[in-house]
Amino acid sequence: MTSNDLVKERLKWMRKTEGLTQDEFANLVNIPVGTCRNVEQNGTVSFAQLHKIFQQPRFARYLMWFFQGNSYPSIGQISPDIMLDIKQELKKSNPDFNKYQEVTDEQVKQQLDNYQSHQPADFGVAQKVLEDITNAAKESLNRHGIP
């Protein structure tokens, strides 16, 4: 699988997990809907567009999974699979819950607290991951001539 294939599949999976159409996604992250369609077709996305996407709290929770393929629930970094599990749990406790509705950060936190009530957070790993992402972003910016 090429990196473009990975980008388009992961962005599409995030959008669908959040229950959004391409139009809704584009409006939420403030990118043109044509750009959203283009990304999902060919996987080409700019750093500025990724920045807009991951600035949105509904997608910030997927940042580490998107770039690394790993989840760190102890620090609120999850995958779409974990979000689907969270939505199932919310549905059990609230029959009116719709899998397409937005799940707030507080609801995610509550479900993750239940999920990991006996597992301490590994902040050393989290710090290392954040450093790796920061360094990769800096290298990418430098390659594109952005100081």
Side-chain angles (χ1 to χ4, degrees), residues 1-91 94 97-116 119 121-147:
M1 179 178 277
T2 69
S3 59
N4 283 8
D5 290 337
L6 197 58
V7 166
K8 69 184 180 183
E9 292 303 318
R10 286 187 177 179
L11 283 176
K12 188 175 189 177
W13 195 6
M14 286 173 15
R15 175 183 63 77
K16 287 187 170 190
T17 298
E18 289 296 321
L20 299 170
T21 65
Q22 287 180 334
D23 288 349
E24 291 167 332
F25 174 83
N27 288 332
L28 186 63
V29 299
N30 196 28
I31 62 173
V33 71
T35 299
C36 177
R37 289 187 182 112
N38 188 41
V39 168
E40 287 190 12
Q41 287 176 347
N42 66 33
T44 303
V45 63
S46 72
F47 181 81
Q49 291 160 343
L50 283 175
H51 186 262
K52 284 183 177 184
I53 292 167
F54 290 109
Q55 286 291 104
Q56 212 309 316
R58 285 175 78 172
F59 299 105
R61 59 181 67 132
Y62 302 116
L63 181 70
M64 291 182 187
W65 167 82
F66 180 84
F67 285 103
Q68 293 189 316
N70 296 320
S71 298
Y72 300 93
S74 61
I75 59 168
Q77 285 294 301
I78 62 173
S79 68
D81 283 336
I82 293 173
M83 177 56 82
L84 293 174
D85 290 344
I86 288 170
K87 287 183 174 192
Q88 281 184 333
E89 289 301 313
L90 290 170
K91 178 72 173 168
N94 179 4
F97 182 81
N98 177 328
K99 70 178 183 175
Y100 298 109
Q101 77 186 58
E102 179 179 358
V103 177
T104 66
D105 285 341
E106 185 57 35
Q107 288 171 308
V108 169
K109 183 181 178 330
Q110 286 174 335
Q111 292 300 317
L112 290 176
D113 286 347
N114 294 338
Y115 182 70
Q116 299 186 158
Q119 298 178 6
D122 187 344
F123 292 107
V125 169
Q127 179 149 359
K128 174 69 173 125
V129 169
L130 290 172
E131 287 172 7
D132 290 348
I133 290 172
T134 301
N135 290 336
K138 287 178 182 176
E139 287 174 20
S140 179
L141 290 171
N142 287 337
R143 278 194 307 271
H144 292 88
I146 302 170

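Values below: every heavy atom of this structure, side chains too, minus hydrogens, waters and symmetry copies. These numbers were taken from a predicted model, which means no experiment stands behind them.
- For T2, the side-chain hydrogen bond (donor to acceptor under 3.5 Å, both in side chains) partners are D5, not counting sequence neighbours.
- Atom CG of L6 and atom CG of L11 lie 9.5 Å apart (nearest 0.5 Å).
- Between I31 and Q49, the shortest heavy-atom contact is CG2-CG, 4.4 Å.
- Here the CG-CD distance, from L63 to Q68, works out to 9.0 Å after rounding to the nearest 0.5 Å.
- Evaluation of the ring-ring contact (aromatic ring centres under 6.0 Å, His included) rule for Y62 yields no partner, not counting sequence neighbours.
- Under a 3.5 Å cut-off, the side chain of E9 and the backbone N or O of E40 do not form any donor-acceptor pair.
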Q: Quick one: do L90 and Q111 satisfy side-chain contact (heavy atoms from CB on, under 4.5 Å)? Show the steps, please.
A: CA-CA 8 Å; L90 290 170; Q111 292 300 317; 3.7 Å; yes

Q.
If you apply the rule side chain to side chain donor-acceptor pair (under 3.5 Å), what do you find for T44 with N42, and how did you get there?
A. CA-CA 6 Å; T44 303; N42 66 33; 3.2 Å; yes

**Q.** Steps toward side-chain contact (heavy atoms from CB on, under 4.5 Å) verdict (R58, L20)
**A.** CA-CA 11 Å; R58 285 175 78 172; L20 299 170; 3.9 Å; yes

Q. Taking it one step at a time, do V103 and F97 satisfy side-chain contact (heavy atoms from CB on, under 4.5 Å)?
A. CA-CA 10 Å; V103 177; F97 182 81; 3.7 Å; yes

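- Contact detail for Q107 and E102: the closest heavy-atom pair is OE1-O, 4.0 Å.
- In this structure F67 satisfies the ring-ring contact (aromatic ring centres under 6.0 Å, His included) test together with F54, sequence neighbours excluded.
- Each of K8, R10, M14, K16 was compared with K12 under the side chain to side chain contact (heavy atoms under 4.5 Å, CB included) criterion, and only K16 meets it.
- Here the closest heavy-atom approach between residue P73 and residue L112 is recorded as O-CD1, 3.6 Å.
- Rounding to the nearest 0.5 angstrom, the gap separating the CZ atom in F25 from the CD1 atom in I53 is 4.0 Å.
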Q: Apply side-chain contact (heavy atoms from CB on, under 4.5 Å) to M83 and V108, showing your working.
A: CA-CA 8 Å; M83 177 56 82; V108 169; 3.7 Å; yes

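- By the salt bridge (charged side-chain N to carboxylate O under 4.0 Å, His left out) test, E89 pairs with K92, sequence neighbours left out.
- The salt bridge (Lys or Arg N to Asp or Glu O under 4.0 Å) contacts involving residues 29-39 comprise D23-R37, where partners must be two or more places apart or lie in separate chains.
- Rounding to the nearest 0.5 Å places CD1 of I86 at 11.0 Å from OG1 of T17.
- W65 is listed as a side-chain neighbour of P80, based on a closest heavy-atom distance under 4.5 Å.
- Ring centroid separation for the pair F59 and F66 does not come in under the 6.0 Å cut-off.
- When all heavy atoms of L28 and Q56 are compared, the pair lying nearest together is CD1-NE2, 3.4 Å.
- Applying the salt bridge (Lys or Arg N to Asp or Glu O under 4.0 Å) definition to pairs two or more places apart or across chains, those involving residues 59-75 are E18-R61, R61-D105.
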